[in-house]
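Single-structure report; data block below.
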Protein chains: 2
Amino acid sequence: MDHATHTHTKAPHGKATPGADPTRIERLCIERGLKMTGQRRLIARVLSEAEDHPDVEELYRRAIALDSKVSIATVYRTVRLLEEKGILERRDFGGGRSRYDPADRGHHHHLIDVDTGTVIEFEDEEHERLVQSIAARYGFTLVQQRLELFGKKIPAPAATPAPDARRRPAGTKKDQG
Amino acid sequence: MDHATHTHTKAPHGKATPGADPTRIERLCIERGLKMTGQRRLIARVLSEAEDHPDVEELYRRAIALDSKVSIATVYRTVRLLEEKGILERRDFGGGRSRYDPADRGHHHHLIDVDTGTVIEFEDEEHERLVQSIAARYGFTLVQQRLELFGKKIPAPAATPAPDARRRPAGTKKDQG
DNA sequence: ATAATTGCAAAGCTTTTGCCGGACT
DNA sequence: AGTCCGGCAAAAGCTTTGCAATTAT
């Protein structure tokens with residue numbers, strides 16, 4: 001592989017150029033003092049560009065599409081590391097695989113369309129207040145919370161209804177937030 | 001809705017007596033037309049008596065403590081069946097194992113003590129109203145919901161703080177509702 | 001009698017880990 | 001230079017499944 005000269009252009013489509021264009025997540029990694037390797041930069045970039053909630057396999061797919069110099073074990077190790085550093089949040093929408101959500105997007109919850117697997121993110125101030133008060137009611141300080149709503153669209157346009165949305169493994173593979 | 005009250009108690013002659021003392025969950029199974037075997041009756045009984053949210057291994061442990069005529073594969077098959085029939089709800093509190101909650105206990109949510117793993121169940125009318133309105137806001141009918149609060153007890157007496165409460169597999173093994 | 005259920009063990013999935021060459025500070 | 005990281009493949013957990021014998025209706 002060719003080695004890049006540092007201090008070049010922002011590398012809009014090139015590979016992982018060490019000092020150029022640190023993505024949102026990469027910046028967070030650096031802030032936490034993580035050693036930034038090409039793979040981590042790549043994964044950070046995929047995460048920064050993701051607007052949905054990919055699982056590890058999906059992250060891996062997107063990463064190798066950009067560079068193909070990553071193993072899935074590294075993706076696992078990296079998401080785990082980032083989760084421990086508070087950069088990522090792990091979610092479980094019921095598909096048997098964990099899905100990941102950058103924590104810097106602010107707290108939000110999920111409304112999952114059980115027919116299509118589409119995930120809508122939302123926030124609600126009133127709900128925040130409410131859960132705080134519920135926790136307080138039991139003498140707890142809230143450390144984390146998880147609210148997921150599963151619903152069906154009311155009019156149902158001409159979409160393909162999923163045949164089975166309540167199975168154990170390998171549920172929805174894609175979503176767009 | 002058949003009523004079918006030919007519940008004349010047959011003489012109990014040992015362990016799983018076919019027609020005697022149908023537990024809450026067993027009754028539900030019968031209503032859905034499930035073939036009731038000794039194993040299913042046993043598991044139904046364990047579930048009926050459970051006040052917490054056991055995982056499969058825990059159900060298995062409790063079942064063989066009562067009768068020891070069950071394999072863990074049957075427990076897996078049964079909870080899956082009951083989930084499909086709407087008798088059980090599968091939960092994931094982050095321990096890598098699914099945990100089960102009889103659906104007939106009514107909707108409730110969970111407040112998990114991240115230090116001890118204790119699970120507190122609660123309901124909140126205001127929350128119910130709120131999530132309905134949130135779903136409606138996006139044009140959805142609510143099919144299911146999940147609210148989990150993770151918190152720390154405020155005063156924290158001289159208890160044993162858990163060493164690590166944010167790992168991926170095999171988290172809390174026990175809880176009391 | 002018939003069709004479903006169980007047990008056992010093997011297979012399947014996702015995720016983790018040991019080892020060692022290679023990369024980063 | 002030293003330490004940490006990445007790749008590979010094997011291992012680990014949890015869950016599912018094929019098949020033959022057993023059991024419920």
Side-chain angles (χ1 to χ4, degrees), chain A residues 1 3-4 6 15-19 26 29-30 32-44 54-61 63-64 67-84 88 90-100 167-171 173, chain B residues 4 6 16-19 26 29-30 32-44 54-61 63-64 67-85 90-100 164 167-171 173:
Chain A
M1 59 153 75
H3 199 272
H6 48 112
K15 326 248 171 175
T17 313
E26 182 180 346
C29 291
I30 295 169
R32 317 275 157 124
L34 293 184
K35 190 182 278 192
M36 289 315 290
T37 68
Q39 289 90 329
R40 287 186 183 173
R41 241 187 303 271
L42 178 59
I43 295 166
D55 57 37
V56 165
E57 220 181 296
E58 179 64 25
L59 288 173
Y60 174 61
R61 237 176 273 130
I64 55 178
D67 199 310
S68 80
K69 294 242 173 344
V70 183
S71 79
I72 194 155
T74 296
V75 180
Y76 272 108
R77 277 193 273 235
T78 302
V79 292
R80 180 164 196 153
L81 179 66
L82 299 205
E83 190 203 347
E84 281 164 8
L88 281 186
R90 190 175 66 236
R91 304 281 178 189
D92 168 44
F93 295 156
R97 298 135 107 116
S98 295
R99 299 172 62 173
Y100 291 89
R167 211 71 180 176
R168 162 60 54 59
K173 302 244 172 186
Chain B
H6 24 50
T17 314
E26 181 180 346
C29 292
I30 294 169
R32 319 272 157 125
L34 294 184
K35 189 184 278 193
M36 290 314 290
T37 67
Q39 289 88 331
R40 286 187 184 170
R41 242 186 303 271
L42 178 58
I43 295 166
D55 58 37
V56 165
E57 220 180 296
E58 179 64 25
L59 288 173
Y60 174 61
R61 236 175 276 130
I64 55 178
D67 198 309
S68 80
K69 293 239 172 343
V70 186
S71 78
I72 193 154
T74 296
V75 181
Y76 272 107
R77 279 193 272 236
T78 302
V79 293
R80 180 165 196 152
L81 177 67
L82 299 205
E83 189 203 346
E84 282 163 9
K85 292 294 183 184
R90 191 175 64 240
R91 304 281 178 187
D92 168 42
F93 295 155
R97 299 136 105 117
S98 295
R99 299 170 64 170
Y100 293 88
D164 185 357
R167 210 73 176 178
R168 160 60 53 60
K173 302 243 171 182

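Letters A, B, ... are given to chains in the order of the sequence lines, protein chains preceding strands, and every chain is numbered from 1.
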Report the distance from atom CG of B:L34 to atom P of C:dA4, rounded to the nearest whole Å. 13 Å
Test side chain to side chain contact (heavy atoms under 4.5 Å, CB included) on A:R90 and A:Y100; report intermediate values, then the result. CA-CA 5 Å; A:R90 190 175 66 236; A:Y100 291 89; 3.5 Å; yes
Under-3.5 Å N/O pairs linking protein and nucleotides 18-23 of chain D:
none

In whole angstrom, what separates B:L81's CG from D:dT16's C1'? 14 Å
Any idea which heavy atoms bring B:V75 and B:L59 closest together, and the distance? CG1-CB, 4.0 Å
If I take atom CD in residue B:E58 and atom P in nucleotide D:dC14, what distance separates them, rounded to the nearest angstrom? 13 Å
Length of the OH-P vector between B:Y60 and C:dT6, whole Å: 14 Å
List the steps, then state whether side chain to side chain contact (heavy atoms under 4.5 Å, CB included) holds for B:E83 with B:V79. CA-CA 6 Å; B:E83 189 203 346; B:V79 293; over 6 Å; no
Counting side-chain heavy atoms from C-beta on, which of C:dC8, D:dG7, D:dC14 comes nearest to A:T74? D:dG7
Salt bridge between B:E58 and B:R61, side-chain N to carboxylate O under 4.0 Å? yes
Measure from the side-chain N and O atoms of B:R97 to the backbone N and O of B:D55, and report whether any donor-acceptor pair falls under 3.5 Å. no
Contact under 4.0 Å: A:Y76 side-chain N or O vs C:dT16 OP1/OP2: no
Is there a side-chain contact between B:S98 and the phosphate of D:dC14, meaning an N or O under 4.0 Å from OP1 or OP2? no
Rounded at 0.5 Å granularity, tell me how far OG1 in A:T78 sits from CD1 in A:I43. 3.5 Å
According to a strict under-4.0 Å criterion, is B:Q39 in side-chain N/O contact with OP1 or OP2 of C:dG7? yes
Nearest atoms (heavy-atom pairs only) where B:A63 meets B:L42: O-CD2, 3.7 Å
Distance-minimising heavy-atom pair for B:C29 and B:L82: SG-CD2, 3.8 Å
Rounding to an integer number of Å, can you tell me how far B:R41 CZ sits from D:dA24 C1'? 9 Å
At what angle, to 10 degrees, do the two end axes of the helix from C:dA1-D:dT25 to C:dT25-D:dA1 meet, given five pairs define each axis? 40°
Just how far, in rounded Å, is C1' of D:dC14 from CZ of B:R99? 15 Å
Pick the nucleotide of DNA chain C nearest each of A:I72 and B:V75; which residue has the one closer to the 5' end? B:V75
Length of the line joining B:R80:CZ and C:dT6:P, which is rounded to integer Å: 15 Å
Closest of D:dC14, C:dC8, D:dC5 to the B:R97 side chain is D:dC14
Tell me the interatomic distance from B:L59, atom CG, to D:dC14, atom P, rounded to whole angstroms. 14 Å
Taking side-chain hydrogen bond (donor to acceptor under 3.5 Å, both in side chains) as the test, write out the residues that go with A:T37, two or more places apart. none
